[in-house]
Amino acid sequence: MNTIGIFFGTDTGTTRLMAKKMAKVLGDAASKPLNVNRINVDDMLQYDSLILGTPSYGIGDLPGVATGIKSGSWEEFIPQLQGIDLTGKRIALYGLGNQDKYPDRFADSLFKLYEKLSGLGAEIIGNWPTDGYEFEHSMSVIDDKFIGLIIDQNNQALLTEERIKNWLLQIAPALMDNITINSAYDLAGHN
Ligand SMILES: Cc1cc2nc3c(=O)[nH]c(=O)nc-3n(C[C@H](O)[C@H](O)[C@H](O)COP(=O)(O)O)c2cc1C
């Protein structure tokens, strides 16, 4: 499909809200964001370009029933990709976490997603600097950069709009040819 697919997992809705903000900035270039607990594999595989988001729950786990998300999440979805070749798919990842409360495992769940998807051949794009975050350790840092956009709505909500816009500006050309980004979009006023 010639648009960008956006999919997320969530428990309390923050990761969904971020997906909606991204979809608004991307406009016609993006699909309607969907929770991975209500799609099947083909819904995702119809896109060559994807933005996938996850909150962090558990201790270095993918969020799902075992980490307390009763309706299921990435942990239940990922096994459906078993044996599927994701070569040719371009995937940008974003992760939610709380750096004050979990400084020793900040946004760790995103790494688990990265590990699974890159292991199946997907090209992961959209790494992000760690400047401006305060934490001790994150599995989601490789070569001094986050493997995707990290958002901390618990402690740095005021930085989120700008981070999302800048990240989308950075990744959009790799996700889609001739894309125009609505970077002037007032995300704060359009929740
Ligand atoms: C029980 C629990 C465990 C959490 N574990 C982590 C963690 O290990 N690392 C982290 O960075 N954030 C952790 N968080 C913070 C969440 O990832 C963060 O609040 C996120 O925004 C929630 O997203 P959601 O509303 O989409 O579920 C945890 C939060 C809760 C309630």
Side-chain angles (χ1 to χ4, degrees), residues 4-26 30-39 43-44 50-78 91-117 124 126-168 171 187-188 190-191:
I4 301 165
I6 305 181
F7 299 92
F8 60 86
T10 187
D11 188 22
T12 52
T14 324
T15 313
R16 174 191 297 111
L17 182 61
M18 298 305 114
K20 285 183 166 178
K21 287 178 184 291
M22 291 179 195
K24 278 176 181 161
V25 176
L26 292 170
S31 66
K32 181 174 180 281
L34 293 175
N35 193 322
V36 286
N37 70 5
R38 47 176 293 221
I39 63 160
D43 294 327
M44 187 178 286
L50 290 155
I51 295 176
L52 306 180
T54 185
S56 280
Y57 289 107
I59 301 180
D61 297 310
L62 272 178
V65 172
T67 63
I69 303 182
K70 291 192 186 70
S71 52
S73 191
W74 285 108
E75 181 66 34
E76 288 69 37
F77 179 81
I78 285 290
I91 303 180
L93 299 173
Y94 73 96
L96 279 278
N98 182 335
Q99 62 201 297
D100 274 13
K101 204 161 176 195
Y102 304 96
D104 54 336
R105 53 178 203 262
F106 180 42
D108 270 9
S109 296
L110 191 65
F111 175 75
K112 302 307 282 189
L113 201 52
Y114 169 91
E115 195 178 36
K116 305 272 183 192
L117 297 167
I124 309 294
N127 61 16
W128 187 250
T130 56
D131 308 338
Y133 302 82
E134 270 187 50
F135 59 97
E136 284 153 31
H137 185 261
S138 172
M139 290 168 76
S140 297
V141 173
I142 296 181
D143 293 337
D144 295 329
K145 284 194 159 190
F146 288 122
I147 51 182
L149 175 66
I150 301 299
I151 297 170
D152 184 342
Q153 280 300 92
N154 301 94
N155 307 294
Q156 295 185 325
L158 290 177
L159 301 178
T160 294
E161 313 289 344
E162 208 56 29
R163 283 175 172 164
I164 287 179
K165 278 187 202 173
N166 288 336
W167 185 66
L168 290 176
I171 63 170
L187 282 169
H190 292 82
N191 287 336

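We count ligands from 1, going down the list as the structure has it; atoms in each ligand are counted the same way.
- Side-chain atoms of T54 do not come within 3.5 Å of backbone N or O of G9 as any donor-acceptor pair.
- Two residues are said to be in side-chain contact when any heavy atoms from C-beta on lie closer than 4.5 Å; Q99 and I150 fail this criterion.
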Show your working on salt bridge (charged side-chain N to carboxylate O under 4.0 Å, His left out) between E115 and K112 and close with a plain yes or no. CA-CA 5 Å; E115 195 178 36; K112 302 307 282 189; 3.4 Å; yes
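- Set against the non-hydrogen atoms of D11, the atoms of ligand 1 under 4.0 Å away are 24 (P), 26 (O), 27 (O).
- Ranking the protein heavy atoms by distance from atom 19 (O) of ligand 1 puts N154 OD1, 3.1 Å first.
- At the top of the distance list for atom 12 (N) of ligand 1, counting protein heavy atoms only, stands N98 N, 3.2 Å.
- Checked by atom type and distance alone, the side chain of S140 pairs as donor or acceptor with a backbone atom of F111 at under 3.5 Å.
- A heavy-atom distance below 4.5 Å is not found between the side chains of W128 and Y94.
- The ring of F77 has its center no closer than 6.0 angstrom to the ring center of F7.
- For Q153, the heavy-atom gap to ligand 1 stays at 4.0 angstrom or more.
- Counting only non-hydrogen atoms, the option in L110, L96, I150 that gets closest to atom 21 (O) of ligand 1 is L96.
- Taking a cut-off of under 4.0 Å to the non-hydrogen atoms of F106, the atoms of ligand 1 that pass are 11 (O).
- V141 is listed as a side-chain neighbour of F135, based on a closest heavy-atom distance under 4.5 Å.
- Summary of contacts: the protein heavy atom closest to atom 11 (O) of ligand 1 is A107 N, 2.8 Å.
- With hydrogens and angles disregarded, a donor-acceptor distance shorter than 3.5 Å links the side chain of E76 to the backbone of V65.
- Ligand 1 has an N or O atom lying under 3.5 Å from an N or O atom of G13, backbone or side chain.
- Counting only heavy atoms of the protein, atom 22 (C) of ligand 1 lies nearest to Y57 OH, 3.3 Å.
- By the 3.5 Å distance cut-off applied to N or O atoms, T12 is counted among the residues near ligand 1.
- For the pair T15 and ligand 1, the shortest N or O to N or O distance falls below 3.5 Å.
- Both tests do not hold together for R163 against F146: distance to the six-membered ring centre under 6.0 Å, angle to the ring axis within 45°.
- Short contacts between ligand 1 and G97, defined as distances under 4.0 Å to a heavy atom of the residue, involve ligand atoms 10 (C), 11 (O), 12 (N), 17 (O).
- Of the candidates G9, P55, G58, it is P55 that places a heavy atom closest to atom 23 (O) of ligand 1.
- The atoms of ligand 1 that sit less than 4.0 Å from any heavy atom of T10 are 24 (P), 25 (O), 26 (O), 27 (O).
- Looking at S56, S109, P63, S140, it is S56 that brings a heavy atom closest to atom 16 (C) of ligand 1.
- Annotation: side chain of I124 is in contact with side chain of L117 (closest heavy-atom distance under 4.5 Å).
- The protein heavy atom nearest to atom 8 (O) of ligand 1 is R105 NE, 2.8 Å.
- In this structure, the side chains of M139 and Y114 stay at 4.5 Å or more apart for every pair of heavy atoms.
- Of the protein's heavy atoms, Y102 CG, 3.5 Å lies nearest to atom 7 (C) of ligand 1.
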